[in-house]
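In this text, all values refer to a predicted model and were calculated from it rather than measured experimentally. Residue numbering restarts at 1 for every chain, and letters A, B, ... go by the order of the sequence lines.
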Amino acid sequence: MIPPREVDAHQDLPSLEQSVLARWRERDVFAESLRMREGAPEWIFYEGPPTANGRPGSHHVLSRVFKDIYPRYKTMRGYRVERKGGWDCHGLPVEIGVEQELGISSKAEIESYGIEAFNAKCRESVFAFLEEWNLLTERIGFWVDLDDAYRTLDESYIESVWWALAEIDRKGLLYEGNKVVPYCPRCGTALSSHEVALGYQDVVDPSVYVRLPAHAPAGPVQAQDAFLIWTTTPWTLPGNIAVAAGPDIEYVRARIGDETLILAAARVERVLGEDAEILERFSGGELTEAGASYRGPLFREGPDGGSMIIVGDFVTTEDGTGLVHIAPAFGEDDFRAATAAGLIDPTDPHTIINPVEPDGTYDKRVRSHDGRSYEGRFVKDPALTQELIDDLTAQGLLFKREDYEHSYPHCWRCGTPLIYYAKPSWYIATSRVREAMLAGNETVHWHPPHIKHGRFGDWLSNNVDWAISRERYWGTPLPVWRCTSGHTHTIGSFAELQERSGSELADHHRPYVDEVQFTCPHEGCEQPMSRVPEVIDVWFDSGAMPFAQHHAPLEHEDRFQQRFPADFICEALDQTRGWFYSLLAVSTLLFDQAPYRNVVCLGLILDAEGQKMSKSKGNTVEPWQVLDTYGADAFRWYFFTSKQPWDGYRFSQEAIGEGVRLFLKQLWSTYFFYVLYAHANRDALSDAEHAQGEDDLDRWARSRTANTAELVAERLDAYDATTAGRAIAGLVDELSNWYVRRSRRRFWEGDPAAFGTLRECLLIVSKLLAPFCPFVADEIYDNLDGALASVHLCEFPLGERLPEQDAALEEAMAIARETVRLGLGARAQAKIKVRQPLAEAVVVADGRERAAIERMVEIVREELNVRRVRFVHAADELGEYEVKANYRTLGPLFGKEMPLAAQAIAALDPAKVAAAVRNGEGIGIAVAGREHTLSAEDVILTMKAPDGYSVEREGVHAVALELALDDDLRREGHAREIVHAVQNARKTAGLAVEDRIALSLDGDERLLSAASAHRDYLAGETLALELTIAGQPQATMGYREQTRIDDLELMIALARSERD
RNA sequence: GGGCGAUUAGCUCAGUCGGUUAGAGCGCUUCUCUGAUAAGGAAGAGGUCCCUGGUUCGAAUCCAGGAUCGCCCA
């Protein structure tokens, strides 16, 4: 019961945390928390691997503390929670980092630098900040096994990924397609749709309206007409081979000025203005059936036979002109429409006119109308755009130019605007398992729930095939080999590769794997096979982690089976299209099952201006600064309790400081109080182990604690750390500001029951708090109990581990506190200090309330500092009742007649209603000619305050104070004032709370007579062993001060007493 | 243009099943209490619950439309 360590009231939390960390290391607590659960049911957590090639930021702290709290909680609930760390090692982010380091920025430069050397650099850089990540992870108390972390660059990991792809291929779901893909010309690679999703930015692009003169009259089209098209990407015009019209859209020939233009009727006013004159109307179908054509191509040589108007079912009249320029190499719709019109063959790349090189520059075919070459020009260069527009103007083709603001995809890493670009690419046919993914999603509990059928479900319903190949260097090589006859074979293990090729590789990354060849296994084909050049989308790597982290199924298949699916994963919301998706897709493709049961989605951390924090913007808040200033518990507490995590945070250091002040310091100070007085009462407590107070207040404190524990568990089970944490804070506030405040005297006097109660409550709090603030929780546990090596090895306090609950007592205490609040309000109204005792408080209450207040009457009396508490039944003595309808109960009953019912109730005699309620009788009213009998809960009785009393009221009870003072009360008031003054003097003199003193008082006669009358009280309160009133202070009394009480003089002299 | 979410006091956020007079913390003003707490307590100032319409006896809450912000997708 006496804690071994004394406690510093103003403990610096960051340094406390360092000592707790040292203790964990010394006692090997994390490992022990797993060992002790050997054989217990597993609760599965998957770590979504971060990339350690950059510094960790505050947003990483957010996800890592949420990844920590639930595993800690589940461990305390009896589960074994293995926490295998993981690192995402491959991919463009790493390559880009290295490119920057090397000062290069193109694939050509990488290849001249050498793939081997480049990948070696990548391998090094992946862990450039590993040490800082590890330090931060430990410092914030994220328990995860970093020594046994999986790494996506490991040979074993790569082999599992190969297995997965071979398996997907075996199911016929891997194919090479020639499609228009979002493509980063700088990185020279296609991006998956979920990568594209990461990089939308609002930009202003020039949009142009271009005249395309008719090639020949056809149907409604006449020789001098021109088709008007609109594009926001003038750079695609050299790829133009056709124009699409909506078959059911109405088009017109419209005269404006001296020219005749063809465009959608719905767009005439917007594009041509009000002066346009409509000459003729016809449908898009008429145009295409008549074989309308225009003079093409643009910006390149071509047969002068005219380019066709074709059907496009995607054409709308919401913007543009209703005539859409078709460049099959640069748009998915274009590609489909051109295929449908028979203009291109999607399986034969040569039929697709693509004048743009993979590096995003024009090839030699592109030239201006006067023969100047555009070869080598980067297509997204604004200067080029301007030249193209000037060129159009010079040819008389530009009708109009406007700025167009829209959201356009950019490369999520390098920021280059993406282009849509036709190229061969490898796909996984995820659209064929769409229904299975949707079914899997149904089994997942999302937090918040709207993700399930909102953002994520929506995304799944619109699923398109996953483009998984990347024409890059540092990644898991695509394990597809192709022979010169075009057969392909997917390798599913290193053993298979070795068997087929005879070569053994120590490293299966590029470029080593590129050199491996073998004979085509297809029957009758003996051609050599070599690997296709691509690597795999990194998201596929991370999506494969459920099995690849164990090297399953090539090894440890049992481990994988045991630990699939995950009970819990947690990442930021932006992973909806990232890891959340890749995990689900891979698991559905391979196992037809969702890989996780519960997902907590965290919102974004915004900076003070509401901007997203990200490395690329450089506006991250340095986590170390927060940790050094406030500590990890404070950081964690802020994330857990300041708000529900999914809506995002507006991050500020001040908010963290507030949490420290309001919660951590309050908790610490309660703990400090216990330890301080436990030490001061060493003797009284030494033989009183674990006393249980039976006092109402003790039982109340334990009941509140038990109640809170159940709520915390219930909320944590629902992944609602916020409400759980706030409940703990509420409990600590009640313990500190009510239990301890009301029980102080018992602690001064060394009452073992009080110590036992507070100790028990604090120990439960430390266990409830352990998952949230693991440091301070452990410190309190260790000093107050310490039976186990750490609080994190304890069982979560529930059931038999909790003290008895007493709902009636809790309710009674709540009513008593309410009464005290009213009484203090009445005092404030009368402007009488609490120190001045009053003769009587009159409390109006009935029934349960009265019983409750009577039970707690001593507390009420002391808190209000009155001699007596008197009860009255009715309001008669203090005021009158008002009676009102209870809408909640009567509303459903009376419906439309509710206003009448309320009127009838308001007209009742409140005194009679009060009497009826008291006697448990029904209350009769007539509404719209019908009789009704109401019960007590159908009416609400409210006190009506009369004038001239100091009364505070609330609902059915009220408190009034007798304000008249007699000499006796006045003397006691003075005595209390003197005590207060002496206490202040003690503090000023720098005495410790348990120091005994010699005290001498002098001054106004009235004060001295009060001091004499309450001599014992005064001496007792101030711990004065000697008390001299109106005598000479001894010369040894080192501290003297003069003060005034009610404008009367008081001289205080005191000294620490040598006697004990 | 579409989807999802948000909008409540100066700031940060609660608000249960639709129920009477919408709350807390911080900050501010005044008072007060301290033998743990730069803490606590009381009072006060501070609200168009984003707007408009609808459903309902009754709407911060439900519905529709709109505005603004964020994220995502075209």
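- As rounded to whole Å, 11 Å separates atom C1' of B:G40 from atom CD of A:Glu863.
- Atom CD1 of A:Ile451 and atom C1' of B:G3 are 12 Å apart (whole Å).
- Taking atom CD1 on A:Ile605 and atom P on B:U12, their separation rounds to 16 Å, with Å as the unit.
- With the nearest nucleotide of RNA chain B identified for both A:Arg745 and A:Lys643, A:Lys643 has the one nearer the 5' end.
- B:C11 and B:G27: their P atoms are spaced 16 Å apart (whole Å).
- For the P atoms, the distance from B:A24 to B:A43 is 10 Å, rounded to whole Å.
- Straight-line distance between the C1' atoms of B:G47 and B:U37: roughly 33 Å, to the nearest whole Å.
- If you check distances only, the side chain of A:Ser736 never reaches the base of B:A39 with a donor-acceptor pair under 3.5 Å.
- At a threshold of 4.0 angstrom between heavy atoms, the contacts of A:Thr576 with the nucleic acid are absent.
- The gap from the P atom of B:G58 to that of B:A6 amounts to 27 Å, rounded to the nearest Å.
- Taking a pair to require two hydrogen-bonding distances under 3.5 Å in either a Watson-Crick or a G-U wobble arrangement, B:C69 pairs with B:G5.
- Each of B:C72, B:C57, B:G35 was ranked by its minimum atom distance to the side chain of A:Met898; first place goes to B:C57.
- With rounding to whole Å, A:Leu784 atom CG is found 14 Å from B:A36 atom C1'.
- Using a 4.0 Å heavy-atom cutoff across all strands shown, A:Gly730 reaches no nucleic acid atom at all.
- Proximity of A:Tyr581 to A:Trp539: side-chain heavy atoms (C-beta onward) are nowhere separated by under 4.5 Å.
- Across B:A9 and B:G23, the matching C1' atoms stand 10 Å from one another, rounded to whole Å.
- The one candidate from A:Trp637, A:Tyr638, A:Phe639 that meets the ring pair (Phe, Tyr, Trp, His ring centres under 6.0 Å) condition with A:Phe635 is A:Phe639.
- Closest to the A:Gln983 side chain, of the nucleotides B:C4, B:G35, B:G40, is B:G35.
- Of all nucleotides listed (B:C72, B:G5, B:U37), B:U37 comes nearest to the side chain of A:Ser669.
- Side-chain contact between A:Trp748 and A:Arg745: present, with at least one pair of heavy atoms (C-beta onward) separated by less than 4.5 Å.
- Using a 4.5 Å heavy-atom cutoff, the side chains of A:Leu460 and A:Arg434 are not in contact.
- Using cut-offs of 30° and 60° for the angle between ring planes, the A:Trp446 and A:Phe456 rings count as tilted.
- In this model, the phosphate group of B:A36 is approached by a side-chain N or O of A:Arg744 to a distance below 4.0 Å at OP1 or OP2.
- Between B:A14 and B:U61, the two C1' atoms lie 14 Å apart (nearest whole Å).
- You'll find that the side chain of A:Phe673 is closest to B:A36, out of B:C4, B:A36, B:C71.
- Each of B:C71, B:G19, B:A14 was ranked by its minimum atom distance to the side chain of A:Leu604; first place goes to B:C71.
- One interatomic measurement links the two molecules: CD of A:Gln644 to P of B:U7, which rounds to 13 Å at whole-angstrom precision.
- On the C1' atoms, B:U55 is 29 Å away from B:C69, given to the nearest whole Å.
- One can place CD1 of A:Ile905 at 13 Å from C1' of B:C57, the figure rounded to the nearest angstrom.
- Out of B:G5, B:C71, B:G35, the shortest distance to the side chain of A:Asp647 is found at B:G5.
- In this entry B:G19 has B:C57 as its Watson-Crick or G-U wobble partner, both defining distances falling under 3.5 Å.
- The shortest distance between side-chain heavy atoms of A:Thr233 and A:Thr236 falls below 4.5 Å.
- One P atom belongs to B:C63, the other to B:C31, and the distance between them is 49 Å to the nearest Å.
- At the phosphate of B:A36, OP1 or OP2 sits under 4.0 Å from a side-chain N or O atom of A:Tyr677.
- Shown here, B:A42 forms a base pair with B:U30; the pair counts as Watson-Crick or G-U wobble because both key distances fall under 3.5 Å.
- Considering only side-chain atoms of A:Trp748, the nucleotide from B:A36, B:C71, B:G40 that sits closest is B:A36.
- Residue-level contact check: A:Glu1021 touches the bases, meaning some heavy atom is under 4.0 Å from a base atom.
- For B:U37, neither phosphate oxygen OP1 nor OP2 lies less than 4.0 angstrom from any side-chain nitrogen or oxygen of A:His10.
- When each of A:Ser642 and A:His453 is assigned the nucleotide of RNA chain B bearing its nearest heavy atom, the one mapping closer to the 5' terminus is A:His453.
- Side-chain contact between A:Leu1025 and A:Ile997: absent, with no pair of heavy atoms (C-beta onward) separated by less than 4.5 Å.
- Relative to the side chain of A:Arg741, the nucleotides B:G40, B:G19, B:C4 differ in distance, and B:G40 lies closest.
- Distance, A:Arg986 CZ to B:A36 P: 10 Å, rounded to whole Å.
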Detail all sub-3.5 Å separations between protein N/O atoms and N/O atoms belonging to nucleotides 23-28 of chain B.
{"residue": "B:G25", "atom": "O2'", "partner": "A:Glu658", "partner atom": "OE2", "Å": "3.4"}
{"residue": "B:C26", "atom": "O3'", "partner": "A:Arg661", "partner atom": "NH2", "Å": "3.4"}

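- There is a side-chain donor-acceptor pair under 3.5 Å between A:Trp230 and A:Ser207.
- You'll find the side chain of A:Cys601 reaches within 4.5 Å of the side chain of A:Phe580, heavy atoms only.
- Put simply, the residue from A:Tyr421, A:Tyr420, A:Phe330 that forms a side-chain contact (heavy atoms from CB on, under 4.5 Å) with A:Tyr183 is A:Tyr421.
- With B:A36, B:A14, B:C72 as the candidates, the nucleotide lying closest to the side chain of A:Arg455 is B:C72.
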